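Down below is the structure, laid out as structure tokens.
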Amino acid sequence: MSVHRTPPVLDVDTLIDDPRTKIIVCCGSGGVGKTTTAAALGLRAAERGRDVVVLTVDPAKRLAQSMGLSELDNSPRRIEGVEGDGELHAMMLDMKRTFDEIVEAHSDPDRAKQILANPFYQSLSSSLSGTQEYMAMEKLGQLHRSGAWDLIVVDTPPSRNALDFLDAPERMGRFLDGRFMKILATPAKTGGRLGVKVLTAGFGVFTNVLNKVIGVQLLRDVQTFVAAFETMFGGFRERADKTYRLLQTPGTAFLVVAAPEPDALREASYFVERLAEERMPLAGLIVNRVHAVVPHTPTAARSQAAAETLDERGEHPLAAALLRLHADRRQLAAREERLREHFTSAHPAVPVASVPAQAEDVHDLEGLRQVGDDLAGNRAAATARPA
């Protein structure tokens, strides 16, 4: 008979207090609470003395509202109401604006103006698959090079596949490689509608983008874009490689965030394995929205049996309903615990922290503080637990 071993506990405060921790990347599949987790970690670190910037890519306004701002944009904004010696800034990635900033920074003013006005570039910079993930990497590199903060917390893009964040820079780099773009430009030299057909057939991934412009004008736009953009190709790949290496350094810590659900924990498992393959530093797993039960309360079976007895007697219908509710909660908690045990049996060395399900959505700094307290409370609870 196999014996389940309790996994090591993720010590969040030790992680964020360590001055060697420069970057924390919150990753995982969409809808698991990465944005809230990143904001809560950023706030807790700031209130414990770090100068922090939180980079979110979630287009929803929840993060801005929870931090007392009407909105976030592509520039870090200082958050008021932080209690402690540190400072907290937050920003929301603007994918296209970041792309534009790269063009402006790495080409002369006339060429930058030519690229930014190009219809093909305008479609490309907002439509290419993986652009958001790549631009998150670009912005992370910019923030790190600025040296303005001693801790950067990154909320990775919401995507169906959590691995997109790691794969996007390589995909983007391949696309922006000079040789590939020269091939892309080749049909333009043939001219006419034949060129459109060749271009569309050869690069089906761009069909939707290309259909926005028609015929010869499209070919001229592609030619103009490639001619102006060609000198920048190497820079994209070089910066992507540098940021990728930055993610592999000991100063970076990956936190995989998951909900206690099969798909989310399966995705978390894939991500843990991928991080190990890429030799990227994993700090641990955070399981969000966990449904706990009060210890020493009746089991689900006993609660259900008691409810049925009351029903048969026709007594205390409210008590019977509460017993059924308790039974459902017990069953849900047991299911979530089995799912967590399945993960930890596959990855016994990965530290784990659990965050209880909140009674309502987090909408202010106090709510973020509570999430941070819950994260840090895992260590205290583990310490206080009898052997």
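No experiment lies behind these values; they were computed from the predicted model shown.
- Salt bridge status for Glu101 with Lys139: present, with a side-chain N to carboxylate O gap under 4.0 Å.
- Note: Leu55 CG to Thr156 OG1 = 10.0 Å, rounded to the nearest 0.5 Å.
- Between Glu267 and Arg274 there is no salt bridge, since no side-chain N of the basic residue sits under 4.0 Å from a carboxylate O of the acidic one.
- Rounding to the nearest 0.5 Å places CZ of Arg78 at 4.0 Å from CD of Glu87.
- Between the side chains of Arg266 and Ser29, no donor-acceptor pair is found at a separation under 3.5 Å.
- Taking the six-membered ring wherever Trp is involved, the centroid distance between the rings of Phe99 and Tyr134 does not fall below 6.0 Å.
- Salt-bridge formation is not detected for the pair Asp17/Arg50: no Lys NZ or Arg NE/NH1/NH2 atom is positioned less than 4.0 Å from an Asp or Glu carboxylate oxygen.
- Side-chain contact of Asn74 with Thr98: a donor-acceptor pair under 3.5 Å is present, judged by distance alone.
- Side chains of Asn118 and Gln114: a donor-acceptor N/O pair is absent below 3.5 angstrom, by distance only.
- Taking the six-membered ring where the residue is Trp, Trp149 and His89 present perpendicular rings, their angle passing 60° and hence far from 30°.
- A salt bridge does not link Glu341 with Arg338: every distance from a Lys NZ or Arg NE/NH1/NH2 to an Asp or Glu carboxylate oxygen is 4.0 Å or more.
- Here the OG1-CG distance, from Thr21 to Leu151, works out to 7.5 Å after rounding to the nearest 0.5 Å.
- Of all heavy-atom pairs spanning Pro260 and Val290, the tightest one is CG-CA, 4.4 Å.
- Salt bridge annotation for Lys96-Asp100: present, with a cationic side-chain nitrogen under 4.0 angstrom from a carboxylate oxygen.
- Summarising the geometry, atom NZ belonging to Lys34 is positioned 12.5 Å from atom CG belonging to Leu255; distances are rounded to the nearest 0.5 Å.
- Contact check on Lys113 versus Asp110 returns no salt bridge, with no Lys/Arg side-chain nitrogen under 4.0 Å from an Asp/Glu carboxylate oxygen.
- Closest approach of Val371 to Ala40, counting heavy atoms only: CG1-CB, 3.7 Å.
- No side-chain heavy atom of Leu285 sits under 4.5 Å from any side-chain heavy atom of His347.
- Considering Asp13, Asp18, Asp150, Asp85 as possible partners of Arg48, the one that fulfils the salt bridge (charged side-chain N to carboxylate O under 4.0 Å, His left out) test is Asp13.
- The backbone N or O of Pro298 sits less than 3.5 Å from a side-chain atom of Arg330, completing a donor-acceptor pair.
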